[in-house]
K.L.:
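Structure incoming, see below.
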2 protein chains.
Amino acid sequence: MPPGTRAANRSELTQAILASASVQLAEIGPAALSVRQIARDLEMASSAVYRYFPSRDALLTALLIQAFDDLGRAVEEGAATGADLRDRFTGAAHALRGWALAHPHEYALTYGSPVPGYAAPTETVASATRVAAVLLAIVRDAQVEGRPLGAGTRQFSAAERTAVAPISDFVEPALDDAHTARAMVVWATLFGHVSLELFGHMNNAVLDYKEHFTTVIEQLADDLGL
Amino acid sequence: MPPGTRAANRSELTQAILASASVQLAEIGPAALSVRQIARDLEMASSAVYRYFPSRDALLTALLIQAFDDLGRAVEEGAATGADLRDRFTGAAHALRGWALAHPHEYALTYGSPVPGYAAPTETVASATRVAAVLLAIVRDAQVEGRPLGAGTRQFSAAERTAVAPISDFVEPALDDAHTARAMVVWATLFGHVSLELFGHMNNAVLDYKEHFTTVIEQLADDLGL
DNA sequence: CATAAAACAAGAGCACTGCTCTCGTTTTGT
DNA sequence: ACAAAACGAGAGCAGTGCTCTTGTTTTATG
């Protein structure tokens, strides 16, 4: 056989394993994902899978990065469809919720409770940051345009300023206190709403999730002065 | 042996199983909870545990109700310490975050990703409602006192009004549109912040969680007009 | 009080999991 | 050409949730 076959096979098989794991994740969720089932799907010995991923956790990490990237791409596209700043924000927000509804198990993997003892490796943070980057870019653009924030935005304490400095300084030019404050609330509210809805805590409380989500993000857009 | 011994033993053993499960939950989390380990703790056969709880899921449901009640009690106490409406709100909010930090695995069980295919039985909703009840009572009291909401609260659409009617009508007298809208945002923001913090999504972004959380809830209190 | 019925505890066993180790085989680099 | 590394497959280990059987103990009934 020509040289390079082994490297090519390795790359192919790695992708095949990841693809099978991806299907399993989407269908039965991260908790039920089984290495042996992947091996059966690919008609190989279960021990052979461990030549490509050292553990089930490593496989989940790869899926985690994939999910973060997929969500990040979806949110970026959702923001890109907007003509003005407000549409960019609502587009991104609806894209976030839409992706979560379409990929509930992937959302659970990324933003649900982490498996005990699992520490997300450094490789994940770049992908995990993409959603926040979209949001912060919109807020920065609003600040640059000189739009006034919604009424009633509070003053920062000095302690708070240093506490959230990494957020303020994430974009260029950096966010001022008031924009940082509102951005943080928006961040928590968006993921709070999606998690509460997806994890069933709005059952029998909210009858029309999409309508309500729309109302919430319009309120948030107002608060951001968009 | 006197009659009634069996019923008493059953009640005692049920509690003992629940107690052992509770310890396991706190230490290693819901995913790692093992029926066999509980049996070993209590020095009984693993099959005997199934006379008291028909499945591992039933055991988790009992723990879920326990956790919801414990959280509800903590938030109710946190609210009770407040002299005025604003202190009741901030007290409840800090109690929520404090409980979550003290009981991360229990918080993951209640507000993290549910296990696949698990549908919370009806018995859980009463306990799960307690936190929302505290929040909505505060907002209702603010409305009754005639306090003005923070500036910039949006108008409801008719569709949104019916969508969140169960929330508005949860308290007596019912919340008006504006108070309902702000209450829903506050609800999502509180759990969003706690989940993001607890599940590690604020790592390297927020340096002082408590300071930031305080800032956020002061902003929310302003928005609620407290 | 005697006896049938129900509840119980214990153990074996099934099907499944993640993971490791060994043992031949195949591809690689020298 | 040959040693070294990578590989695939299978057996095996320790663990899991759960079921079934077997023998015992407590309950309720005639």
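Below, chain A is the first sequence line, B the second, and so on; all start at residue 1. The structure presented is a predicted model; accordingly, all values stated were derived computationally and were not measured.
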K.L.:
In terms of relative ring orientation, are F199(A) and Y107(A) parallel, tilted or perpendicular, with 30° and 60° separating the classes?
P.N.:
tilted
K.L.:
What nucleic acid atoms does L13(B) come within less than 4.0 Å of, heavy atoms only: base, sugar-phosphate, or nothing?
P.N.:
sugar-phosphate
K.L.:
Would H201(B) and S195(B) count as a side chain to side chain donor-acceptor pair (under 3.5 Å) if you check the C-alpha gap in whole Å, the side-chain angles of each, and the deciding distance to 0.1 Å?
P.N.:
CA-CA 8 Å; H201(B) 296 284; S195(B) 290; over 6 Å; no
K.L.:
Using a 4.0 Å heavy-atom cut-off across all strands, classify S34(B) as base, sugar-phosphate, or nothing.
P.N.:
sugar-phosphate
K.L.:
Would you say R51(B) reaches dA9(C)'s phosphate, i.e. side-chain N/O to OP1/OP2 under 4.0 Å?
P.N.:
no
K.L.:
Taking the six-membered ring for Trp and the single ring otherwise, decide whether the centroids of H193(B) and Y209(B) are under 6.0 Å apart.
P.N.:
no
K.L.:
Do D223(B) and Q219(B) meet the criterion of a side-chain donor-acceptor pair at a distance under 3.5 Å?
P.N.:
yes
K.L.:
Round to the nearest Å and state the distance from I28(A) atom CD1 to dT17(C) atom P.
P.N.:
9 Å
K.L.:
L59(A) has an atom CG; how far is it from atom P of dG18(C), in whole Å?
P.N.:
10 Å
K.L.:
Would you mind reading off the distance between M44(A) atom CE and dC19(C) atom C1', rounded to a whole angstrom?
P.N.:
15 Å
K.L.:
Can you figure out which of dG11(C), dG17(D), dC19(C) approaches the side chain of V35(B) most closely?
P.N.:
dG17(D)
K.L.:
Measure CD/Q37(B) against C1'/dG17(D) and give the value in whole Å, please.
P.N.:
14 Å
K.L.:
Starting at the 5' end of DNA chain C and moving along, which residue's nearest nucleotide shows up first, S47(A) or S47(B)?
P.N.:
S47(B)
K.L.:
Quickly work out the D57(B) CG to dG17(D) C1' distance and round it to whole Å.
P.N.:
11 Å
K.L.:
What integer distance in Å separates R56(B):CZ from dG17(D):C1'?
P.N.:
8 Å
K.L.:
Determine the contact category for S46(A): base if any of its heavy atoms lies under 4.0 Å from a base atom, sugar-phosphate if only primed atoms, P, OP1 or OP2 are that close, otherwise nothing.
P.N.:
base
K.L.:
Just N and O in the side chain of R10(A): are any of them under 4.0 Å from OP1 or OP2 of dC7(D)?
P.N.:
yes
K.L.:
Quick one: pull up CG in L96(B) and CZ in F191(B) and give me the separation to the nearest 0.5 Å.
P.N.:
5.0 Å
K.L.:
Is L42(A) touching bases, backbone alone, or none of the nucleic acid, heavy atoms closer than 4.0 Å?
P.N.:
nothing
K.L.:
Separation of F53(B) atom CZ from dC18(D) atom P, in whole Å?
P.N.:
13 Å
K.L.:
Is the base of dG15(D) touched by the side chain of R36(B) through a donor-acceptor pair closer than 3.5 angstrom?
P.N.:
no
K.L.:
Separation of Y50(A) atom OH from dT22(C) atom P, in whole Å?
P.N.:
18 Å
K.L.:
Contact class for L33(A) (heavy atom, under 4.0 Å): base, sugar-phosphate, or nothing?
P.N.:
sugar-phosphate
K.L.:
Select base, sugar-phosphate, or nothing to describe what Y52(B) touches, counting heavy atoms under 4.0 Å on all strands.
P.N.:
sugar-phosphate
